[in-house]
Amino acid sequence: MPELPEVEVVRGGLVDHVVGRRIAAAAITGTRVARRHEAGPLDLAARLTDATVLSADRRGKYLWLVIQTPDDDPHALVVHLGMSGQLLVEEAGAPREKHLHAAFDFDDDGPQLRFVDQRTFGGLALTELVPDRWPGSTHTHGVPVPVEHIGPDPLEPAYDQPAVVRALKRRHTAIKRALLDQGLVSGVGNIYADEALWRAQVNPLRETSALTKPALGRVLDHATEVMREALGQGGTSFDALYVNINGASGYFDRSLHAYGREGQPCNRCGTPIRREAFMNRSSHYCPRCQPRPRVRRAITDLSRR
DNA sequence: AACCGGCCCTGACTGC
DNA sequence: TGCAGTCAGGGCCGGT
């Protein structure tokens, strides 16, 4: 499941293998992959033809190629990998993958760029670039319109952790839901949210406004740290012609303390890790190190009156 | 306005 | 063996 570290690995692959090349032909299969491109798949393919890739950029889990056509301003080809999306760099003659949705040929006759996605939660869209509203932004071409509402991720200079802590203090929602809200801080998905909360010893259901600012800071510090560690390991595991999202699989095996460990002993205290349904997902936590919040007194009192 | 739940999608797995 | 049901979850959308 691509979260920030996996998407960053893919971005690095695009920098190495795609940036600087000119698209000669784009083939989009079906309509679902381009559902966020309002003008449809044929328009998307047509407008990418003869476009030169200027850069590969990322914020959180959003990835985009800045492309330049001869008679237009730079635009963004936004790529979201969703749950199962992959970008592959392969020879044009390579067998078609079962869930191949898009293929790009380049005018240097080098390898193709392909978008493969089994579950098509991901997709492609060509959008305008707008100035980034966050101070300290390093996105020199701006950000795509669909990324405007996405908060900076912890690995970019525009990330302002004290500001995020202040925003969390004003929220009245569970800390895990807040971590998964990409508008506040981006890049954290279900796996790293569970890991960060385990490391910080905070229950996923704790109210953000009820946590102290130092505790909120610790949660964010751990989220940042766990993603940095995953990136450090994931970045070593793809070869030259294969830009893969699965760089973190080895990391999962060795380093996860909470996610996917239901019933196994907590690595701090030995208590079996518990899994609970939350937001149509699962939360994994140690019931001893991360005790459930007490009854929400204010809400309970109100309901009794 | 903030918050929350439902939905999309397909392959792997489980239980009868 | 086959088949129905469940699970995985990022992001968007609509209801409260």
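Residue A/Tyr259 places its side chain closer to C/dA8 than to any other of C/dG10, C/dA8, C/dG11. Of the candidates C/dG10, C/dG11, C/dC12, C/dG10 carries the atom nearest the A/Leu180 side chain, counting heavy atoms from C-beta on.
Close to B/dG5, at under 4.0 Å from its OP1 or OP2, lies a side-chain N or O of A/Arg177. Distances shorter than 4.0 Å separate some side-chain N or O of A/Arg171 from OP1 or OP2 on B/dC3. Phosphate contact (OP1/OP2 of B/dA2, side-chain N/O of A/Thr173, threshold under 4.0 Å): absent. For the pair A/Ser282 and C/dA8, the criterion of a side-chain N or O lying under 4.0 Å from OP1 or OP2 is met. At the phosphate of C/dC12, OP1 or OP2 sits under 4.0 Å from a side-chain N or O atom of A/His149. Proximity of A/His80 to the phosphate of C/dG11: a side-chain N or O atom is located under 4.0 Å from OP1 or OP2.
Distance CD (A/Glu6) to C1' (C/dA8): 15 Å, rounded to an integer number of Å. In this structure, the CG atom of A/Asn190 is 13 Å from the C1' atom of C/dG11, given to the nearest Å. Between the P atom of B/dC4 and the CD1 atom of A/Ile175 lies a distance of 13 Å, rounded to the nearest Å. When the C1' atom of B/dC8 is taken as reference, atom CG of A/Leu81 falls 17 Å away, rounded to whole Å. Summarising the geometry, the separation between CG on A/Asp181 and C1' on B/dG5 is reported as 15 Å, rounded to the nearest angstrom. One interatomic measurement links the two molecules: NE2 of A/His172 to P of B/dC4, which rounds to 11 Å at whole-angstrom precision. Separating the CZ atom of A/Arg170 from the C1' atom of B/dA2 is a distance of 13 Å, rounded to the nearest angstrom. A straight line from CZ of A/Arg281 to C1' of C/dC12 spans 11 Å, rounded to a whole angstrom.
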Between protein and nucleotides 9-12 of chain B, what N or O pairs are separated by less than 3.5 Å?
from   : atom 1 : to       : atom 2 : distance (Å)
B/dG11 : OP1    : A/Lys98  : NZ     : 3.4
B/dG11 : OP1    : A/His99  : NE2    : 2.7
B/dG11 : O4'    : A/Gln118 : OE1    : 3.2

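Checked against A/Asp153 for a salt bridge (Lys or Arg N to Asp or Glu O under 4.0 Å), the options A/Arg11, A/Arg59, A/Arg58 give a single hit: A/Arg58.
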Check residues 61-70 of chain A and write down every donor-acceptor pair under 3.5 Å in which the side-chain atom is one partner and the other belongs to a residue at least two apart or another chain.
from    : atom 1 : to       : atom 2 : distance (Å)
A/Lys61 : NZ     : A/Val188 : O      : 3.3
A/Gln68 : NE2    : A/Asp72  : O      : 2.7

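Between the OG1 atom in A/Thr127 and the CG atom in A/Leu77 there is a gap of 9.0 Å [rounded to 0.5 Å].
Within the nucleic acid shown, A/Phe278 has no heavy atom closer than 4.0 Å to any nucleic acid atom. A/Asn280 comes within 4.0 angstrom of a base, heavy atoms only. A/Arg275 comes within contact range of the sugar-phosphate backbone alone, with a heavy-atom separation under 4.0 Å but no base atom that close.
Electrostatic pairing of A/Glu229 and A/Arg199 counts as a salt bridge here, judged by a charged N lying under 4.0 Å from a carboxylate O.
The main-chain N or O of A/Ala45 is found under 3.5 Å from a side-chain atom of A/Thr49 such that the two form a donor-acceptor pair.
Using modelled atom types, one finds a donor on one side chain and an acceptor on the other under 3.5 Å when comparing A/His139 with A/Asp57. If you check the side chains of A/Asp194 and A/His284, you find a donor sitting under 3.5 Å from an acceptor.
Counting only residues at least two apart or on different chains, no salt bridge (Lys or Arg N to Asp or Glu O under 4.0 Å) pair has a member in residues 24-41 of chain A.
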